[in-house]
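So that the names make sense, note that chain A is the first sequence line, chain B the second, and so on, each numbered from 1.
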2 protein chains.
Amino acid sequence: MKVTYKGDYALKTILDLSLHYDSDIVTSNDIAKRIDAPIKFLEQVLSELKKGGFVLSKRGKVGGYILAKNPAKITVGQVIRFIDGPVEPIACINKGYTNCSDASKCVLKKVWEQVGMAVSAIIDKVNFEDLANEVRKSKQEPVYSI
Amino acid sequence: MKVTYKGDYALKTILDLSLHYDSDIVTSNDIAKRIDAPIKFLEQVLSELKKGGFVLSKRGKVGGYILAKNPAKITVGQVIRFIDGPVEPIACINKGYTNCSDASKCVLKKVWEQVGMAVSAIIDKVNFEDLANEVRKSKQEPVYSI
DNA sequence: TACTATTCCTATCGATTCGGTATGAATTAT
DNA sequence: ATAATTCATACCGAATCGATAGGAATAGTA
Ligand code: FES
Ligand code: FES
């Protein structure tokens, strides 16, 4: 499993939109500033997120983006798989891998399958309502740093 | 987590050497044929595995490689981390990542930490004695394919 | 209508990694 | 001497990553 910067930005974007769900429309500029991403790069990410059905957009002067569905129905797994591809750690899980003469018996493949399942168990359970609530909560508790 | 072909070859190499532990010395050529890897590429992998303390080598005419320790004491995690780097799925787990203004509170980071732990729990438990035994066992049971 | 702020589209680019080749030196058994 | 092996190093083409660049299309507003 790889999580690229693109995936990182995508997740933060969805999280940011989750925090504004049911209230504002949010511009790419706003998001870019808040999540500290290059705006032009973020635009490409937003374009993909739209194609993936995660966000809706409105063009023109007071345009922007909103979530396409309830944050509770979007999981980290959905987003990261769409942006960064499958979660399994090695090619042989997918098709076209001929490096193991008898893949059905390959003992390593079984390890990667286990890993994939363990990862999925986590990322498919974390949804953006929970994440947004965690963020709201953590903003109430000030940090008493020295 | 990423597992490259290099990592794939490394794991298969250790597995192959585990199957010959206490018996033969094995040449890179033999390994290359059995695991279907380009020999010159495999030599580089073997060189790294030697630096990592996983294998010992003997030069000259009847040279070759043997495992440096008992297969039971080598785990998939040790090998893959040494060859392909840390198992965590994103950069922010490591140092020098400044993209989250308050990383200590970042809710996504917590997800990645969980994922990293789940992956580690698996790959640090699988050792090469077990894998070798699985291979030996599966070779006894012929496949009744049509 | 003119202006402005926004999304949308597409091309390019430098750096790095990946998977592999190529060449040959050093070592050792026969 | 010869042959078989490990060891060392350099290179290379393709892909990916993380952007940057330039503008077209759209829509609200004065
Ligand atoms: S089938 Fe994946 S390593 Fe063998
Ligand atoms: S610290 Fe990793 S995504 Fe925030």
Table please: side-chain donor-acceptor pairs of residues 39-57 of chain B below 3.5 Å, with sequence neighbours left out.
residue : atom : partner : partner atom : Å
B:K40   : NZ   : B:E43   : OE1          : 3.3
B:E48   : OE2  : B:K6    : NZ           : 2.6
B:K50   : NZ   : B:S57   : OG           : 2.9

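- Separating the OH atom in A:Y9 from the CG atom in A:D36 is a distance of 7.0 Å, to the nearest 0.5 Å.
- Rounding to the nearest 0.5 Å places CG of B:D8 at 3.5 Å from NZ of B:K12.
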Under 3.5 Å, which donor-acceptor pairs link side chains of residues 63-73 of chain B to any protein atom two or more places apart or in another chain?
residue : atom : partner : partner atom : Å
B:N70   : OD1  : B:A72   : N            : 2.8

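- If you take CD1 of A:I31 and P of C:dA5, they are 19 Å apart, rounded to a whole angstrom.
- Here the shortest heavy-atom pairing between A:A10 and A:V79 reads CB-CG1, 4.1 Å.
- Residue B:I31 holds its CD1 atom at 9.0 Å from NE2 of B:H20, rounded to the nearest 0.5 Å.
- For residues 56-66 of chain B, proximity to DNA chain C is found at B:K58, B:R59, B:G60, B:K61, B:V62, defined as any non-hydrogen atom under 4.0 angstrom from a strand atom.
- Near-neighbour residues of DNA chain C inside residues 17-29 of chain A, defined by a heavy atom below 4.0 Å, number-ordered: A:T27, A:S28.
- If you measure from atom CG of B:L42 to atom P of D:dA8, you get 16 Å, rounded to the nearest angstrom.
- A single hydrophobic cluster is not seen to contain both A:I25 and A:I14; linkage of ILVMFWY side chains at heavy-atom distances under 4.5 Å, directly or through other members, places them apart.
- In this structure, B:D84 does not pair ionically with B:K2, as no charged nitrogen and carboxylate oxygen lie closer than 4.0 Å.
- Atom NZ of A:K33 is separated from atom P of C:dA5 by 12 Å (rounded to the nearest Å).
- One can place CD of B:E48 at 16 Å from C1' of D:dT6, the figure rounded to the nearest angstrom.
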Under 3.5 Å, which donor-acceptor pairs do the side chains of residues 118-135 of chain A form with other protein atoms, sequence neighbours left out?
residue : atom : partner : partner atom : Å
A:S120  : OG   : A:R81   : NH1          : 3.4
A:S120  : OG   : A:G116  : O            : 3.0
A:D124  : OD1  : A:R81   : NH2          : 2.3
A:D124  : OD2  : A:R81   : NH2          : 2.6
A:N127  : OD1  : A:E129  : N            : 2.8
A:N127  : OD1  : A:D130  : N            : 3.0
A:N127  : ND2  : A:D130  : OD2          : 3.1
A:N133  : OD1  : A:R136  : NH1          : 2.9
A:N133  : ND2  : A:E129  : O            : 3.4

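- Here the straight-line distance linking atom CZ of B:R34 with atom OG1 of B:T13 works out to 10.0 Å at 0.5 Å rounding.
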*Could you encode protein contacts along nucleotides 18-24 of chain C as a string, one character per nucleotide from 5' to 3', using B for base contact, S for sugar-phosphate-only contact and - for no contact, with a heavy-atom cut-off of under 4.0 Å?*
SBBB-BB

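- From A:D24, atom CG reaches atom OG1 of A:T27 across 10.5 Å, with rounding to the nearest 0.5 Å.
- Atom CG in A:D36 sits roughly 14 Å away from atom C1' in D:dA19 (whole-Å rounding).
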